[in-house]
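Keep in mind the model is a prediction, meaning the values are calculated, not measured. Here is the naming used below: chain letters follow the sequence lines, and residue numbers restart at 1 for every chain.
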There are 2 protein chains.
Amino acid sequence: MPVDEDPSVTAPGRHMAPTLELVAARAGVSRATVSRVVNGSTSVSPPIAEAVRRAVEELGYVPNRAARSLASHQSQAIALVAPEDVTRFFGDLFFADIVAGIDTRLENSDYVLNLMIANNDPSGKTMRYLGGGAVDGALVVSHHTSDRFLRCITETLPVVFGGRSAVPELDAYVVDVDNVSGAEIATRHLIERGCRRIATIAGPLNMRSSLDRLEGWRRALDAAGVEAGPVVDGDFTMLGGAAAMREILDSRHTVDGVFVASDLMASGAVQVLLERGIAVPDEIAIVGFDDSAAALATGVPLTTVRQPMRDMGWHMADMLIRLLTGEATVPRELILPTELVVRESA
Amino acid sequence: MPVDEDPSVTAPGRHMAPTLELVAARAGVSRATVSRVVNGSTSVSPPIAEAVRRAVEELGYVPNRAARSLASHQSQAIALVAPEDVTRFFGDLFFADIVAGIDTRLENSDYVLNLMIANNDPSGKTMRYLGGGAVDGALVVSHHTSDRFLRCITETLPVVFGGRSAVPELDAYVVDVDNVSGAEIATRHLIERGCRRIATIAGPLNMRSSLDRLEGWRRALDAAGVEAGPVVDGDFTMLGGAAAMREILDSRHTVDGVFVASDLMASGAVQVLLERGIAVPDEIAIVGFDDSAAALATGVPLTTVRQPMRDMGWHMADMLIRLLTGEATVPRELILPTELVVRESA
DNA sequence: TTGTATGCGTTATCAT
DNA sequence: ATGATAACGCATACAA
């Protein structure tokens, strides 16, 4: 026979958190009823509901997550899975912003965010965790995550991707930034300010965003009937950008404008230009992409394309929640607009 | 009436995850035994343990977190609580790195990371969550979080702070970067290269790190018998740094070196110098702090002080885990060394 | 509308 | 060393 302590309603147990049971006792109803009002069931008479709410308030009751999860088969948690090298690629660039965006969406929900840095091993801890019912869904900032890994996880859980992957067959839910039109706008800006020999420094061509930005550059050129200048890979790094700029300058081409697919690369490119005494933007105009910190820290403040990373985070979370709550019509793809920020480099 | 599928042991239930029960059946033992081997209890005979392990493997069993948590009163989760404006202050600076560090420590543990952006309201969702047993402990990157908030949370949970707060009475567990000696080294570098009239552009003086860096600057000066130059608040922003630099130049002081308490501010300062045709470092040498992206994107690559943010994350997590596992001797404070990175600005 | 009873998957306390 | 069995705190089907 269990040794029950006196469950006197007045005694606020030392450290034990109050349970449904206690609230029920205090309100003079059954556990089920308390559960109902806590979960916002409609079928409970106003006076009773009120009494329960009071008891909840007085006792400072807060539902036990584990118990709730166990009984309901829902964790009310979602995972944010980021590739192993967040800090290398997303670098210190967007991560904080995306997270902030996700959080603002989650704020008014009951979901909490679980952070996972994932290696690309579909059999690792990450997969076990995601598969083990620990989370109801996942947000993944993909960009170049392995195919096998992605497929695995989408089979297990509702997933929303941030940034379309390079493998288009994977028709999952995704929110992305409109890289194409962003690049297009940037390039058009170059054209409108008079540039006619426009090169581009691109990102690694196995990344979707690089491809899209290249495409946008090309479109703007085509639309204006301007001949395409050289295309050089800058690897999305500052050093790569500098190297690419040198390559362009040393080539047989003459250019008067460059669309650079990231601010970091643009920053490297501008430094090379300055070193060689080439005036920016007068001799060569530069437009970057990202509107990252680098855009302002560069010798010549960069004209660039701002990406709404915060919005992206918000919408990723929003989409997933709508998926989880069984909403009927969740669009499979959401493309967020970019914005040209005109500063001094073009 | 629920439509149960045949729970035959051999049939890998469509979607239901295998439970202890199933594993037990398969291995021909009791649930308790399975639980023991899963949790690494010693008191189980090798052959039986082996059989269980096989069953676990074959069924792909993974313990249900909710159930485990409910029964054990431990969530195996820790929270990372960041101030509301992560993205403004930590900005895109350190957040990703700290997270990466935390994650590497957590990787080999059973803990998962819960991310919470906290407003400073001790009664809000964050507090309810932290108090509700949803996590076993918390990591907080504090720097300027409200006192009341902090006190609240430290009373509820084991907490490790990243960065000492400005309120020293709060003697919680904390890991911090050695701002004092970092600033000292930076300033000494200035002195060693011949500077004799050394100013400093400081951060907001209500932040502990600002205070510490100021202190380091002063110490180096004192140690070398060099008179202290002007001290100007640069607000930890690029614009603030630029304004501060102008203020120094326009003052009655002449300076030949400036220790700037952040790269972002240093970046602004350098631009002002360049605009006015003042040679860096020949006429005025600049040393920054952080070794952030801004350090490289600046016109003159910055000599600066690198902070081991990744290590900081690692040690925060490590400290908390040791606290949670009841380790006897956990130091209350851990100060990580910084490192001077010499580039071109000084 | 409200209460009763059962189950969720583990851990932990007992016996054995 | 191993196996029953009782919590753990909540949701929910069902009865009232």
Side-chain angles (χ1 to χ4, degrees), chain A residues 1-5 7 13 15-52 55-56 59-76 110 131-134 136, chain B residues 1-4 7 13 15-52 56 59-76 110 131-134 136:
Chain A
M1 174 165 121
V3 192
D4 262 354
E5 311 200 27
H15 274 307
M16 267 318 251
T19 72
L20 259 197
E21 184 86 46
L22 266 181
V23 178
R26 174 124 187 174
V29 298
S30 74
R31 286 176 349 205
T33 301
V34 177
S35 177
R36 289 191 185 98
V37 354
V38 167
N39 292 333
S41 167
T42 53
S43 52
V44 46
S45 75
I48 296 258
E50 189 44 39
V52 170
V56 165
L59 265 43
Y61 168 76
V62 32
N64 178 302
R65 258 189 126 73
R68 174 177 282 191
S69 174
L70 182 56
S72 68
H73 292 285
Q74 302 204 352
S75 63
Q76 294 295 88
D110 283 328
D136 295 337
Chain B
M1 169 166 121
V3 193
D4 261 353
H15 274 307
M16 267 318 253
T19 72
L20 261 197
E21 184 85 46
L22 267 182
V23 178
R26 174 123 187 174
V29 298
S30 74
R31 287 176 346 207
T33 301
V34 177
S35 177
R36 288 190 185 100
V37 352
V38 167
N39 292 332
S41 167
T42 52
S43 52
V44 46
S45 75
I48 295 259
E50 190 44 38
V52 170
V56 165
L59 265 43
Y61 167 77
V62 32
N64 178 304
R65 261 190 123 74
R68 174 178 283 190
S69 174
L70 182 57
S72 68
H73 294 284
Q74 302 203 352
S75 63
Q76 294 295 90
D110 283 329
D136 295 338

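- Within 4.0 Å of V38(A), counting heavy atoms only, lies no atom of the nucleic acid at all.
- Set against dT12(D), dG9(C), dA4(D), the side chain of A32(B) has dA4(D) as its closest nucleotide.
- The separation between E21(A) atom CD and dA5(C) atom C1' is 13 Å, rounded to whole Å.
- Side-chain N or O atoms of S69(B) include one that pairs as donor or acceptor with a backbone N or O of Q74(B) at under 3.5 Å.
- Atoms CG (N39(A)) and P (dG9(D)) sit 17 Å apart, rounded to a whole Å.
- Here the side chain of D136(A) pairs a donor or acceptor atom with the backbone of Q76(A) at under 3.5 angstrom.
- Between the CG atom in L20(B) and the CG atom in L59(B) there is a gap of 11.0 Å [rounded to 0.5 Å].
- The interatomic distance linking R31(A) (CZ) with dG9(D) (P) rounds to 11 Å, in whole Å.
- Among the protein residues, S43(A) comes within range of the nucleic acid bases, having at least one heavy atom under 4.0 Å from a base atom.
- Listed pair T33(B) / dT2(D) fails the phosphate criterion, with no side-chain N or O lying under 4.0 Å from OP1 or OP2.
- For T19(B), the side-chain atoms get nearest to dG9(C) when compared with the rest of dT11(C), dG9(C), dC14(C).
- Proximity of a side-chain donor or acceptor of N39(B) to a complementary backbone N or O of S41(B) within less than 3.5 Å is not detected.
- DNA chain D is contacted by both A67(B) and P46(B); P46(B) maps to the nucleotide lying nearer its 5′ end (nearest heavy atom per residue).
- Rounded to whole angstrom, the span from the CD atom of Q74(B) across to the P atom of dG9(D) amounts to 14 Å.
- OP1 or OP2 of dT11(C) has at least one side-chain nitrogen or oxygen of R68(B) nearer than 4.0 Å.
- With hydrogens and angles left out, the side chain of R65(B) and the base of dT11(C) share no donor-acceptor pair within 3.5 Å.
- Atoms CD (E50(B)) and P (dA1(D)) sit 18 Å apart, rounded to a whole Å.
- For the pair S72(B) and T42(B), nearest-nucleotide mapping onto DNA chain D gives the more 5' position to T42(B).
- Heavy atoms of S45(A) sit under 4.0 angstrom from primed sugar atoms or phosphate atoms, though from no base atom.
- The distance from atom NE2 of H73(B) to atom P of dT11(C) is 13 Å, rounded to the nearest whole Å.
- Distance check, rounded to the nearest 0.5 Å: CG of D110(B) to CZ of R68(B) gives 6.5 Å.
- We find that CG of L22(A) is positioned 10 Å from P of dC10(D), with the value rounded to whole Å.
- Base engagement by L20(B) is indicated by at least one non-hydrogen atom pair under 4.0 Å involving a base atom.
- Counting to the nearest Å, the C1' atom of dT10(C) and the CG atom of L70(A) are 8 Å from each other.
- Checking side-chain atoms of S75(A) against main-chain N and O of A134(A) turns up a donor-acceptor pair under 3.5 Å.
- Listed nucleotides: dT2(C), dC8(D), dC14(C). Nearest to the side chain of R36(B): dC14(C).
- Under 4.0 angstrom from either OP1 or OP2 of dT2(D) there lies no side-chain N or O belonging to S30(B).
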